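In this text the structure is predicted, and so the values were computed from the model without any measurement. Count residues from 1 along the sequence.
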Amino acid sequence: MLCGIAVPHDQGLIGHSDADVGLHALTDAILGAIGAGDIGQHFSPSDARWRGADSAQFLAHASLLVAERGGRILSADITLICERPKVGPHRAAMVARVAAILGLDPSRVSVKATTTEGLGFTGRGEGIAAQATASVAL
């Protein structure tokens with residue numbers, strides 16, 4: 001799973017939930033923007049309830065916390081760091097899925113990818129990293 005979309009690939013990510021690094025990074029960005037800690041504080045990896053969970057739940061929870069504080073998410077940006085899979089063919093679906101979870105117009109969501117030019121664990125194909133930012137008005 002990447003940004004809420006099942007991306008066909010010969011390898012998968014290992015994680016307690018569905019291991020969607022894009023949604024996890026964005027969840028952390030939103031939680032951080034409102035001073036609400038991180039994803040692990042809200043969804044402990046030691047809690048069996050979250051084993052195999054859809055990461056969309058985590059992102060929706062962060063969005064709800066923003067709303068409960070009288071705020072709104074203005075924009076969201078995710079950068080996936082990987083050599084493979086190629087993100088381009090799935091980008092529109094990823095943007096649409098993230099926008100739907102957050103209740104945003106897709107024009108306020110960006111999903112992009114970069115590589116490390118073969119360096120490090122992402123360059124060796126051992127995993128994927130993600131960075132995300134979110135603009136929030138309270």
- Query: Can Leu102 and Ile30 be said to form a side chain to side chain contact (heavy atoms under 4.5 Å, CB included), step by step?
  - Reply: CA-CA 11 Å; Leu102 296 176; Ile30 293 169; 4.0 Å; yes
- Euclidean distance, Leu2 CG relative to Leu80 CG, rounded to 0.5 Å: 5.5 Å
- Tightest non-hydrogen contact, residues Ala60 and Ile101, listed as N-CG2, 3.9 Å
- Message: For a 4.5 angstrom cut-off between non-hydrogen side-chain atoms, does His61 reach Phe43?
- Response: yes
- Note on the structure: The reported gap from CG in Leu64 to CG in Leu59 (rounded to nearest 0.5 angstrom) is 11.5 Å
- Minimum-distance pair of heavy atoms, taken over all atoms of Asp38 and Leu31: C-CD1, 3.6 Å
- Item | Nearest non-hydrogen partners of Ser44 and Trp50, listed with the distance | O-CD1, 3.6 Å
- Task: Working to the nearest 0.5 Å, report the span between CZ of Arg72 and OG of Ser63.
- Result: 12.0 Å
- Query: Who pairs with Asp77 by side-chain contact (heavy atoms from CB on, under 4.5 Å), at least two apart in sequence or on another chain?
  - Reply: Thr79, Ser110, Lys112, Thr133
- Message: Are there over 12 heavy-atom neighbours, none belonging to Arg108, within less than 6.0 Å of that residue's CZ?
- Response: no
- Kindly give the heavy-atom pair with the smallest separation between Gly4 and Asp20, and that separation in Å. N-OD2, 2.7 Å
- Task: Check the surroundings of atom CD in Gln131: do more than 12 heavy atoms from other residues, nucleotides or ligands lie under 6.0 Å from it?
- Result: no
- Identify whether Ile5 and Phe58 are in the same connected component of the hydrophobic contact network (ILVMFWY, side-chain heavy atoms under 4.5 Å). no
- Donor-acceptor contact present, side-chain Thr116 to main-chain Gly123, <3.5 Å: yes
- Message: If the condition is salt bridge (Lys or Arg N to Asp or Glu O under 4.0 Å), which residues does Arg69 pass it with, not counting sequence neighbours?
- Response: none
- Query: Given Cys3, which of Val87, Leu26, Val111 fulfils the side chain to side chain contact (heavy atoms under 4.5 Å, CB included) condition?
  - Reply: Val111
- Item | Side chain proximity check, Leu23 to Asp18, heavy atoms < 4.5 angstrom | no
- Determine, step by step, whether Asp28 and His24 satisfy the side chain to side chain contact (heavy atoms under 4.5 Å, CB included) criterion, reporting the C-alpha distance in whole Å, the side-chain angles of both residues, the deciding distance to 0.1 Å, and the verdict. CA-CA 6 Å; Asp28 270 339; His24 287 209; 5.7 Å; no
- For the student: nearest non-hydrogen atoms of Ala53 and Ser17, plus distance: O-CB, 3.4 Å
- Out of curiosity, Met1 CE to Met94 CE, how far, rounded to the nearest 0.5 Å? 9.0 Å
- Message: Looking at every heavy atom in both Glu83 and Lys86, which two are closest together, and how far apart are they?
- Response: O-NZ, 3.3 Å
- Message: Checking Thr27 against His42: is there a side-chain donor and acceptor pair closer than 3.5 Å?
- Response: no
